[in-house]
Each structure stands twice: as structure tokens, then as C-alpha cells.
A.B. asks: 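Below you'll find the structure I mean.
Predicted model only: the values in this text are computed from it and were never measured.
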Amino acid sequence: MKKILLTIASLLAVSYAIAQEKGDTATKAISHLYLTLEDSNNKNAAYSNAVIIRQANKSKKAPLRATYTTEEVFGNGIKKFGNIIKESWGIAFEDTLYINKRLFTGMNGFAKAHTSGRYIVVFAEVPLNKQMQDSLVIPTSIINEHVKAQQAKSGVQSAGMMFGLVGAAISAAAANAAAQTVFFPLIIDTGNGRARAFSTRYISDLADEHAEAAETDRPAASFTDQDIVDYFNRINNYIAGTLVPNTEPATIEAVEISATAAAPEIETEENATPEAQKTEEAQGVNGNDETVPEA
């Protein structure tokens with residue numbers, strides 16, 4: 001009898017310890033969920049300390065292009081909170097803002113905001129929906145690379161279907177392993193809520209509004225992910241009045257980079273929401289032929 005009581009007491013102690021640990025996590029993980037851009041700008045959180053942000057994938061080649069998922073805090077007690085998260089605009093977690101990609105690209109998950117201020121820089125997967133691609137003014141070079149990746153994946157899967165269910169399963173696994181997720185730099189203007197892909201045309205348009213900063217601080221012809229982040233940090237600082245533009249154009253060594261970042265943990269089609277699964281046009285050309293960092 002004593003052994004039984006000791007066993008029960010031990011189990012209760014372990015359960016309490018686990019609950020206490022999760023409770024401590026909730027206390028330490030300061031997070032704020034914003035339902036709209038206006039809420040985010042005004043720091044008006046609908047829920048606080050209800051969500052934890054977790055990194056879903058890692059890429060040594062493109063560390064800025066990670067995708068993040070959410071984890072509900074232990075015992076938050078909010079019914080259907082997952083739906084609220086899906087419809088949210090963003091989540092601030094440990095002093096970093098994460099933007100809901102679903103709102104802009106139709107893809108699940110959150111993207112880390114690498115800048116703060118008027119212009120937010122995130123990196124997201126190319127939408128499967130052609131209308132979304134056009135609305136974001138994604139350059140043709142990025143769209144074409146996205147289409148090639150999807151066609152390559154479809155080819156592997158189709159070949160496997162010839163060998164029945166086993167072949168289909170093997171081909172699906174092979175396609176997932178070989179597929180590359182095409183990311184692109186997405187700029188969100190917190191002044192008007194508009195999101196647009198980064199490109200040299202974007203810089204030209206930006207110069208119309210912030211001529212001095214946009215032109216004197218613009219990087220060289222070829223961009224890395226970090227160059228883009230640094231550029232918009234300077235623009236944001238200039239707008240905030242904390243930075244005086246350089247007297248000469250910034251000199252940045254041209255680096256040739258790729259628009260694709262292998263992310264085996266993220267599968268484009270499975271990661272897409274049902275709305276984003278609409279078939280895109282075969283050629284994937286949207287007429288946005290412009291220079292872009294092969295980002």
C-alpha cells in the first residue's frame with residue numbers, strides 16, 4: 001500500500017513540476033497578438049502572453065528566410081484560439097515582430113520582421129495564387145524560378161504514379177526532398193498597409209517619396225538579403241529623423257545570390273492554405289520584368 005501511495009505521490013509531483021515549468025515559460029515568454037496593422041502600430045494587443053513563437057525551419061545559406069510557427073501557451077483557456085492566430089496580423093514575441101504570411105501570400109506560418117518603423121522587411125515564399133503574385137508585383141525572374149521548381153516537383157511525382165501507391169509514396173518523398181522553396185523579399189509599408197516585393201523598380205518608386213535618403217543610401221546593383229535589411233533600416237532611421245543621409249552613394253560589393261533557399265522542413269504546396277492552391281498560369285510571367293536581387 002505504501003508503495004502505491006508513493007507512486008501516486010511521485011506522479012503528482014512530476015505533473016506539478018511539468019505544469020509549473022510550462023507556467024514559468026508562459027510568464028517569461030512576453031508576447032502580444034495584434035489583430036490588425038493599426039493595432040500593431042498603436043501597440044494595442046488583443047491578447048498578451050497567449051502565444052509562443054517557434055522557428056520551423058533553418059537554412060545556413062539563407063538565415064533570414066526562416067519560417068516560424070506558433071504554440072499556444074499552456075492553459076490559456078481561449079476557445080478556438082488557433083483560428084484567431086490564423087486571422088491575426090502579427091505577433092510580437094520577445095521584442096521581435098512576426099508577420100502573418102497568410103494575409104499577404106496565402107502561405108501558413110509567420111515571417112520575422114527584420115526591420116522596424118515605416119517599412120518592414122520580411123522574406124516569404126512565392127504565393128501559388130497568380131493574383132497574389134501580381135498584387136505583390138513579384139519580378140518575373142522570381143516567378144519563373146518558382147514555376148520551374150513547381151514543374152520539377154510535379155514531374156517527379158507524376159513519374160512515381162506509374163508504379164502504383166508505393167511508387168507514388170516514394171516519388172512524393174523524393175519530390176519533397178528535392179524541391180526548393182523560392183523565397184523573395186517582401187516590404188510592408190506600415191503607413192498604408194500595402195505589401196510589395198522588393199526590386200530596383202521599388203527603389204525608384206521609393207525615391208519619389210523619400211528622394212534624398214532613397215538615392216544617396218541605395219546599395220549597388222546586386223543585393224544580398226542583409227543589404228536589403230540594412231537599406232530599409234537606413235530609410236526608417238531617416239524617416240524617424242535619427243539619421244542624416246550619406247553625402248555619397250553607399251558602396252557595397254556586388255554578391256551574386258540565388259532567389260531560392262533550400263528549406264526541406266517546409267513543403268510549398270502542403271504549406272499553402274486552400275485559397276492559395278489555385279492553379280497558376282503555366283508560364284508564370286506577370287509582366288513585372290525588372291531587376292531584383294537574385295534574392
Side-chain angles (χ1 to χ4, degrees), residues 15-59 62-125 127 132 181 183 185-190 193-195 229 236 261 263-277:
S15 299
Y16 176 80
I18 293 174
Q20 189 67 32
E21 181 180 355
K22 291 183 176 179
D24 290 343
T25 300
T27 301
K28 295 176 182 177
I30 304 301
S31 68
H32 304 287
L33 184 148
Y34 302 112
L35 296 178
T36 66
L37 168 61
E38 184 179 1
D39 290 340
S40 178
N41 288 340
N42 296 327
K43 300 295 186 291
N44 181 26
Y47 301 94
S48 293
N49 293 340
V51 179
I52 294 175
I53 293 288
R54 302 289 190 194
Q55 187 167 328
N57 72 320
K58 297 179 180 179
S59 174
L64 301 185
R65 303 183 181 196
T67 290
Y68 297 81
T69 58
T70 57
E71 177 182 324
E72 296 178 35
V73 173
F74 176 76
N76 62 58
I78 303 172
K79 293 183 179 180
K80 297 182 178 179
F81 193 59
N83 292 335
I84 296 175
I85 294 174
K86 288 180 180 179
E87 300 303 322
S88 67
W89 188 87
I91 297 171
F93 178 67
E94 295 182 343
D95 299 323
T96 299
L97 183 63
Y98 296 84
I99 306 299
N100 187 356
K101 294 189 294 185
R102 181 188 182 98
L103 302 181
F104 301 102
T105 66
M107 309 301 285
N108 291 325
F110 286 72
K112 183 177 180 178
H114 296 287
T115 59
S116 61
R118 171 69 182 270
Y119 297 99
I120 293 177
V121 177
V122 301
F123 293 88
E125 303 95 324
M132 283 186 171
T181 303
F183 284 74
L186 179 65
I187 315 301
I188 301 171
D189 185 341
T190 61
R194 185 186 179 191
V229 171
N236 288 335
E265 297 85 351
I266 299 295
E267 174 48 49
T268 303
E269 291 184 354
E270 295 177 0
N271 189 41
T273 59
E275 299 92 329
Q277 292 285 6

A.B. asks: Once you round to the nearest 0.5 Å, how far does OG1 of T70 lie from CG of L33?
C.D. replies: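 One finds 9.0 Å between OG1 of T70 and CG of L33.
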
A.B. asks: Which heavy-atom pair separates D39 from Y34 by the least distance, and what is that distance?
C.D. replies: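 For D39 and Y34, the tightest heavy-atom pair comes out as O-CD2, 3.6 Å.
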
A.B. asks: For the residue pair N236 and S116, what are the closest heavy atoms and their distance?
C.D. replies: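 Minimum heavy-atom separation between N236 and S116: ND2-O, 3.1 Å.
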
A.B. asks: What are the two closest heavy atoms between L97 and S40, and how far apart are they?
C.D. replies: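 Reported closest heavy-atom pair: CD2-OG, 4.1 Å.
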
A.B. asks: Return yes if some donor-acceptor pair links the side-chain N/O of N100 with the main-chain N/O of S88 below 3.5 Å, else return no.
C.D. replies: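 Confirmed, N100 side chain pairs with S88 backbone.
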
A.B. asks: How long is the straight-line distance from CZ of R194 back to CG of L37, given to the nearest 0.5 Å?
C.D. replies: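 Going from CG on L37 over to CZ on R194, the span is 14.5 Å.
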
A.B. asks: If I compare all heavy atoms of G193 with all of F104, which pair ends up nearest, and what's the gap?
C.D. replies: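 It is O-CE2, 4.2 Å.
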
A.B. asks: For the ring pair Y47 and F81, is the centre-to-centre distance below 6.0 Å?
C.D. replies: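 Ring centroids of Y47 and F81 are less than 6.0 Å from each other.
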
A.B. asks: Write down the atom of P127, the atom of M132, and the distance for their closest heavy-atom approach.
C.D. replies: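 Of all heavy-atom pairs spanning P127 and M132, the closest is CB-CB, 3.8 Å.
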
A.B. asks: Among all residues two or more places apart in sequence or in another chain, which pass the ring-ring contact (aromatic ring centres under 6.0 Å, His included) test with H32?
C.D. replies: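 Partners of H32 under the ring-ring contact (aromatic ring centres under 6.0 Å, His included) test: none.
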
A.B. asks: Can you run down the salt bridge (charged side-chain N to carboxylate O under 4.0 Å, His left out) pairs that involve residues 108-117, sequence neighbours left out, and say none if there aren't any?
C.D. replies: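 Non-adjacent pairs meeting salt bridge (charged side-chain N to carboxylate O under 4.0 Å, His left out): zero.
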
A.B. asks: Rounded to the nearest 0.5 Å, what's the gap from CG on N108 to CD1 on I85? Could you check?
C.D. replies: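 Between atom CG of N108 and atom CD1 of I85 there are 12.0 Å.
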
A.B. asks: Which residues pass the ring-ring contact (aromatic ring centres under 6.0 Å, His included) test with F110, not counting sequence neighbours?
C.D. replies: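 Once residues adjacent in sequence are excluded, F110 has no partner under the ring-ring contact (aromatic ring centres under 6.0 Å, His included) criterion.
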
A.B. asks: Quick one: CZ on R54 to CZ on F93, what's the gap to the nearest 0.5 Å?
C.D. replies: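 That separation rounds to 6.5 Å.
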
A.B. asks: Any heavy-atom pair between the side chains of T67 and M107 that's under 4.5 Å?
C.D. replies: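 No; the side chains remain at least 4.5 Å from each other.
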
A.B. asks: Does any N or O in the side chain of T69 come within less than 3.5 Å of the main-chain N or O of A56, such that one atom is a donor and the other an acceptor?
C.D. replies: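 No; zero donor-acceptor contacts below 3.5 Å.
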
A.B. asks: Can you sort out the partners of Y119 under side-chain hydrogen bond (donor to acceptor under 3.5 Å, both in side chains), two or more places apart, ordered by chain and number?
C.D. replies: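 Counting only residues at least two positions away or on another chain, Y119 forms a side-chain hydrogen bond (donor to acceptor under 3.5 Å, both in side chains) with H210.
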
A.B. asks: Hey, is the main chain of W89 close enough, under 3.5 Å, to the side chain of T36 for a donor-acceptor pair?
C.D. replies: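 Pair absent, no side-chain N/O of T36 close to backbone of W89.
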
A.B. asks: With sequence neighbours excluded, tell me which residues meet side-chain hydrogen bond (donor to acceptor under 3.5 Å, both in side chains) with D189.
C.D. replies: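 D189 satisfies side-chain hydrogen bond (donor to acceptor under 3.5 Å, both in side chains) with R118, N192 once adjacent residues are dropped.
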
A.B. asks: Does N42, at its CG atom, have more than 12 non-hydrogen atoms belonging to other residues, nucleotides or ligands within less than 6.0 Å?
C.D. replies: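 More than 12 heavy atoms, drawn from other residues, nucleotides or ligands, come within 6.0 Å of this atom.
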
A.B. asks: What is the distance from atom CZ of F123 to atom CG of L64, rounded to the nearest 0.5 Å?
C.D. replies: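 The CG atom of L64 is 5.5 Å from CZ of F123, to the nearest 0.5 Å.
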
A.B. asks: Please check if atom CD in E38 has more than 12 non-hydrogen atoms from other residues, nucleotides or ligands closer than 6.0 Å.
C.D. replies: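 For E38, atom CD is not crowded (no more than 12 foreign heavy atoms under 6.0 Å).
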
A.B. asks: I'd like to check the salt bridge (Lys or Arg N to Asp or Glu O under 4.0 Å) partners of E87; sequence neighbours left out, ordered by chain and number.
C.D. replies: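 For E87, no residue satisfies salt bridge (Lys or Arg N to Asp or Glu O under 4.0 Å) once neighbours in sequence are set aside.
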
A.B. asks: What is the minimum heavy-atom distance between V121 and I187, and which atoms define it?
C.D. replies: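 Taking V121 first and I187 second, the nearest heavy atoms are CG2-CD1, 3.7 Å.
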
